[in-house]
Protein chains: 2
Amino acid sequence: MVTRKEVAELAGVSEATVSRVFNGLGPMKPTTKARVLEAASQLNYHPNAIAQSFARRRSGNLGVVLPYMPKVHLFSAYYFAEILSGIGEQVREQGYDMLLSLLKPDEDLDYARLYRSQKVDACVILGARDTPQQRESLQQLQEQGYPFCLVNQHFEGLAFHEVDADHVDGSYQAVRHLQEEGYRKIAFLNGSPEYSNSEDRLQGYLRAMHDAGLQTSHELLLEGNYSRKSGYEAAERLWSQREQVEAVFAANDRMAIGLMQGLREKGWVAGRDFAVVGCDDSDAAKLSDPPLSSINVPFYEMGKEAARGVLARFTQGERAEPSNVKLPTQLIIRQSSKSSSLT
Amino acid sequence: MVTRKEVAELAGVSEATVSRVFNGLGPMKPTTKARVLEAASQLNYHPNAIAQSFARRRSGNLGVVLPYMPKVHLFSAYYFAEILSGIGEQVREQGYDMLLSLLKPDEDLDYARLYRSQKVDACVILGARDTPQQRESLQQLQEQGYPFCLVNQHFEGLAFHEVDADHVDGSYQAVRHLQEEGYRKIAFLNGSPEYSNSEDRLQGYLRAMHDAGLQTSHELLLEGNYSRKSGYEAAERLWSQREQVEAVFAANDRMAIGLMQGLREKGWVAGRDFAVVGCDDSDAAKLSDPPLSSINVPFYEMGKEAARGVLARFTQGERAEPSNVKLPTQLIIRQSSKSSSLT
DNA sequence: TTGTATGCGTTATCAG
DNA sequence: CTGATAACGCATACAA
């Protein structure tokens with residue numbers, strides 16, 4: 001490897017000057033700058049990032065923490081790719097790199113490993129759930145002063161940096177849309193309560209029903225676990241009480257699709273015999289039959305904002321107040337929620 | 001940050017001894033080892049990974065290169081999550097971390113950036129395509145001695161380390177299956193030729209048709225670009241020559257689903273009026289209606305093997321012969337390819 | 001505008 | 001078995 005020293009010698013300057021050129025520091029004579037650059041390119045010199053990190057005492061890496069996923073099925077391609085792309089874009093704009101950390105099931109407690117080893121300057125944490133262990137771990141992280149930002153998850157009662165989407169409003173829009181399509185008996189298939197989104201969506205659902213002066217009986221409230229299978233199973237329950245249901249709002253696309261599959265087996269076709277709206281606006285929403293109306297979530301922007309915020313906080317060393325960004329969601333209407341679509 | 005020095009002082013030994021303890025080097029008296037460990041835990045000492053990298057002159061990072069994805073839609077959740085999980089597992093077993101690099105459209109040439117900056121010791125490259133630029137870039141990488149491994153892509157005529165799946169056999173199985181279901185007029189909807197998989201699948205298709213003594217007219221060969229839309233559009237062409245087609249083998253699930261959607265609009269339902277088999281066995285295959293028969297590809301294992309190989313080569317510094325691992329694929333039969341399924 | 005000198009936290013080599 | 005000590009490649013405060 002060619003080092004700064006060799007460049008300095010070839011250019012006939014000191015090593016410090018070479019550094020200055022490469023870091024754009026201080027005033028300097030254009031000619032010496034040119035000489036250094038010339039020498040560098042001639043030798044094909046590239047600064048050693050590790051050495052830089054070492055000297056600067058910062059890694060230049062943003063950690064991206066992904067949860068353990070039993071069947072890898074929690075995330076859609078959309079979620080995954082979009083958030084990572086958003087983070088990636090921001091990171092590159094700031095000259096950072098992203099270090100990926102896939103948690104193992106028993107590793108909730110080891111959030112701090114990457115920080116301790118100084119491999120990352122800050123972290124974006126994806127897919128966190130509201131469990132006692134995670135609360136504990138995250139609080140520790142914060143106490144230790146490690147900068148991090150949560151994406152798409154809120155911890156009630158704790159003040160973390162978070163970038164979330166307005167799931168309450170999204171759900172409100174969805175239910176509102178169903179009402180406008182003429183449905184009044186609208187069920188809600190929610191997901192696991194350990195995700196704050198679930199509670200948000202419930203709120204949006206209830207508010208929309210309330211605002212429309214509609215009843216929300218206990219029977220209209222179902223719970224799955226965000227898997228297609230749980231949606232499929234919910235179809236059974238819904239079918240048994242089909243007199244009370246005209247439409248369903250599901251907390252994610254996967255469950256919505258499972259639900260449609262289940263009801264189709266009974267003879268009920270979405271968009272004809274009943275209406276469905278999902279959440280996430282994932283790939284699957286476009287691939288399903290009929291195409292699924294859904295709530296679009298700006299994952300790319302969320303990832304980007306999370307990275308921006310957390311790096312800013314690290315760079316400026318500002319121990320800022322926990323910020324709570326919330327990005328807008330948007331209803332995407334497809335055939336699954338239009339009673340006239342298949343006729 | 002607490003450093004080795006402080007541990008050494010507290011334990012009453014030299015810094016070198018602390019290092020030996022933490023690296024498990026050389027013989028040493030159990031008592032001093034215990035003293036060091038005690039001091040370390042008391043001070044909550046953790047080695048600085050950056051400093052270690054600097055001193056060892058290796059980063060301890062495996063680079064994972066992802067291609068530029070115009071619409072992020074090239075990869076299914078499956079592909080993405082599975083490969084990354086596989087790499088992640090292997091990497092952790094070897095005490096490495098993974099550095100993610102998202103290429104931008106114009107960055108084909110900058111494959112070497114991460115290596116030059118010494119941020120990674122080796123790379124796994126995903127989603128490469130066979131273009132002149134990429135061939136050029138990869139050859140340069142190899143000439144410069146940077147260890148890397150390609151996943152799911154072969155470059156004919158060039159000897160790179162590659163981990164691939166047996167797409168020829170997978171396709172053979174798929175077409176064979178359709179034949180066994182009684183279909184004889186089997187079309188093939190292929191994807192972009194810049195992915196070696198496409199050529200592999202064509203081979204498998206042709207071989208299966210040939211072995212069965214079936215004709216493969218020009219009309220039976222269609223080409224899309226792996227997008228749902230292109231599959232949807234292919235439906236138009238197929239419909240116009242529906243007399244010549246009873247079944248379709250599509251080079252990925254996305255196109256297969258688009259195809260089913262398109263033909264359904266004409267009144268042809270997969271699994272009833274015609275049969276379809278896709279490729280990748282992605283999430284969408286289970287979510288589609290009817291569920292899509294598909295070729296399962298062991299992405300997890302491919303990622304793991306790629307990481308294992310490339311790290312081994314780096315660690316042992318062995319300039320090994322380019323290896324060409326090929327993992328088996330497997331046909332998964334669902335309703336889309338069974339003529340009796342919907343009756 | 002540029003050079004000098006010091007330090008960053010390890011690893012690894014060489015004595016003892 | 002253990003202790004000195006020289007790298008490692010760069011950033012940066014201080015001088016000039």
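Letters A, B, ... mirror the listed sequences (proteins, then strands); counts begin at 1.
Within the nucleic acid shown, A:Val18 has no heavy atom closer than 4.0 Å to any nucleic acid atom. If you check every strand for non-hydrogen atoms under 4.0 Å, A:Tyr45 touches sugar and phosphate atoms only. Using a 4.0 Å heavy-atom cutoff across all strands shown, A:Thr17 reaches sugar-phosphate atoms only and no base atom. Within the 4.0 angstrom heavy-atom criterion, no nucleotide atom of any strand lies near B:Ser53.
The residue among B:Thr32 and A:Asn23 whose nearest nucleotide of DNA chain D is located toward the 5' end is B:Thr32. Position along DNA chain C of the nearest nucleotide to A:Pro30 versus A:Glu15 favours A:Pro30 as the more 5'-ward residue. The nearest heavy atom of DNA chain D to A:Lys5 and to B:Arg20 marks one nucleotide each, and the one closer to the 5' end goes with B:Arg20.
The separation between B:His46 atom NE2 and C:dG9 atom C1' is 16 Å, rounded to whole Å. In this entry the distance linking CD of A:Gln52 with P of C:dG9 reads 17 Å, nearest Å. Computed from coordinates, the B:Phe22 CZ to C:dT10 P distance equals 9 Å when rounded to whole Å.
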Any N/O pairs under 3.5 Å between the protein and nucleotides 5-8 of chain C? List them or say none.
none

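Here the side chain of A:Glu162 pairs a donor or acceptor atom with the backbone of A:Phe155 at under 3.5 angstrom. The backbone N or O of A:Thr131 sits nowhere less than 3.5 Å from a side-chain atom of A:Glu194 that would complete a donor-acceptor pair.
Between A:Tyr115 and A:Tyr146, the angle of the ring planes stays under 30°, which puts this pair in the parallel group of the 30/60° scheme.
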Chi angles and distances behind the side chain to side chain contact (heavy atoms under 4.5 Å, CB included) call for B:Val13, B:Arg35: CA-CA 9 Å; B:Val13 300; B:Arg35 273 216 317 286; 3.5 Å; yes
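Side-chain contact between B:Gln142 and B:Phe148 is present, with heavy atoms from C-beta onward closer than 4.5 Å. Side-chain contact between B:Leu158 and B:Leu138: absent, with no pair of heavy atoms (C-beta onward) separated by less than 4.5 Å.
Once rounded to the nearest 0.5 Å, the distance linking CZ of B:Phe299 with CG of B:Leu126 reads 10.5 Å.
On the nucleic acid side, DNA chain D has its first and last nucleotide under 4.0 Å of a heavy atom of chain A at D:dG9 to D:dA13, going 5' to 3'.
In this view, A:Gln42 satisfies the side-chain hydrogen bond (donor to acceptor under 3.5 Å, both in side chains) rule with no residue, not counting sequence neighbours.
The only option from B:Val310, B:Val163, B:Ile87 that meets the side chain to side chain contact (heavy atoms under 4.5 Å, CB included) definition with B:Glu305 turns out to be B:Val163.
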